[in-house]
Amino acid sequence: MKIVKLILLSFFVLTLNTFADAYVLLISFDGFRWDYLNRGLTPNLERFAKNGIRAISLEPSFPSGTFPNHYSIVTGLYPQNHGIIGNHIYNKFSNASFSLKDTSAVSDPRWYFGEAIWETAKRQGLLTASFFWPGSEMKLDYRRPNYFIPFNPKIPYKVRIDSVIGWLKLPYEKKPKFITLYFEETDTKGHDFGPNSPQIDSAIALCDHLFGYLIEKLTSINFLDSINIIVVSDHGMAEIDKNKIIVLMDLLQIGKIKINSYGYLASITGDKDSVEKAFKVLESNENHFKVYKREEVPEFYHFSNNPWIGDIVIIPDYEWTVAYDSSEYTFKVKGNHGYDNHWMDMHGIFIAGGPAFKKAYTTGTIRNIDIYPLLCKILNIVPRGNIDGKLELIEFILK
Ligand code: AMP
Ligand code: ZN
Ligand code: ZN
């Protein structure tokens with residue numbers, strides 16, 4: 001009799017778990033490098049990670065910039081496949097440009113391919129919300145979250161958290177199942193002062209304080225045990241060496257070619273002959289950088305299968321910066337990212353906890369494209385087909 005009761009009870013618990021609503025809060029601390037968690041400045045994040053999942057690092061996709069990677073996280077696609085190949089994009093066919101500073105481009109759905117998690121979730125009947133995330137403001141109702149806030153860095157961090165708490169206090173029929181939350185502090189301070197400055201240490205401590213505030217608020221509304229929290233960053237940050245700069249102007253005569261240089265990457269477009277000439281010059285001067293024709297960029301960058309990339313791609317070596325002329329890169333920045341995503345300095349963080357996750361579990365590096373299928377699994381929805389991310393590479397962190 002006892003055994004029958006036990007079987008019935010475990011069946012009941014199992015059923016409850018299967019049908020319990022899953023909630024996910026995805027938080028991004030922009031530019032929070034993987035090793036910032038080892039500086040003894042983050043007691044709240046460390047406590048949370050200790051009880052849940054902590055990966056050594058989160059590998060971004062190439063290039064390791066803000067827009068490409070936030071959009072990879074929510075689509076499970078490499079930038080070459082979701083279209084946001086940089087914070088700045090030039091479409092040579094339509095002569096149109098995308099920039100993260102251009103609010104009309106940022107909300108233009110024509111730049112964004114693939115399907116973000118909120119679109120997948122919405123299509124399958126779940127409510128979603130975003131307090132900032134690249135791609136969340138598209139001017140096409142079915143492609144954006146049910147609740148979203150247009151990006152405005154002036155909105156104080158605690159107001160962002162309070163708003164998320166407000167969404168979670170909504171009645172059940174209005175409460176979103178998936179929410180994003182974004183903080184730019186570590187990116188801004190990392191650029192201005194570098195990853196080894198006292199200012200970045202204060203930024204790290206502030207992020208931790210904000211996380212502590214969030215946990216306190218979730219506890220006060222009795223929701224901490226019901227929600228899955230995933231903390232990520234889009235990339236890390238490298239110290240810039242002012243003496244390690246590649247000046248393209250010294251090598252190339254700008255004429256029929258268009259050069260876009262971003263420090264961590266440069267690309268060249270133009271007619272066939274001019275591109276060929278430029279390539280030959282660069283190839284014979286390959287010093288502290290690698291030059292590739294777009295189709296020949298090594299497979300491990302996954303940065304070739306998109307015509308907006310440019311005809312030639314220049315990837316600087318570690319610690320080197322590529323610029324068109326020496327004045328262009330003014331070196332007001334002390335830190336930068338966007339470089340080779342395999343470089344540990346470019347890696348971000350991944351920590352997670354909540355009812356779906358294993359407890360006290362540490363793992364190696366996780367790829368950011370695998371987060372989309374993970375989110376779908378937790379939310380119990382069917383992921384979009386043809387994605388680059390693989391559930392089987394990340395699923396082991398779930399209970
Ligand atoms: P970057 O360091 O150039 O890769 O870009 C980081 C900056 O992107 C942050 O400091 C923010 O100001 C900006 N940013 C972050 N999210 C958004 C967004 N959703 N829309 C527009 N700009 C954003
Ligand atoms: Zn960023
Ligand atoms: Zn940045």
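All ligand and atom numbering here is 1-based and tracks the order in the structure. The structure presented is a predicted model; accordingly, all values stated were derived computationally and were not measured. Scope of the values below: all heavy atoms of this structure, side chains included, with no hydrogens, waters or symmetry mates.
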Please confirm whether [X] approaches ligand 1 to less than 4.0 Å, judged on its heavy atoms.
{"X": "H191", "value": "yes"}
{"X": "P153", "value": "no"}
{"X": "H337", "value": "yes"}

Would you kindly say whether T188 and E184 are connected by a side-chain donor-acceptor distance under 3.5 Å?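 No donor-acceptor contact under 3.5 Å links the two side chains.
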
In terms of side-chain geometry, is the basic nitrogen of E276 or K293 positioned less than 4.0 Å from the acidic oxygen of its partner? yes

Near the Zn ion (ligand 2), is there an N/O/S atom from H235 that is less than 2.8 Å away? yes

Whether T66 has an N, O or S atom under 2.8 Å from the Zn ion (ligand 2):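 It does; at least one qualifying atom falls short of 2.8 Å.
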
Nearest to atom 11 (C) of ligand 1, what protein heavy atom do you find, and at what distance? F151 CZ, 3.6 Å

Please state which protein non-hydrogen atom is closest to atom 3 (O) of ligand 1 and give its distance, to 0.1 Å? N87 ND2, 3.0 Å

In D234, the N, O or S atom nearest to the Zn ion (ligand 2) is which?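 Looking only at N, O and S atoms of D234, the one nearest the Zn ion (ligand 2) is named OD2.
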
D30: which N/O/S atom is nearest the Zn ion (ligand 2)?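 Closest to the Zn ion (ligand 2) among those atoms: OD1.
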
Of all the N, O or S atoms in D187, the one nearest to the Zn ion (ligand 3) is OD1

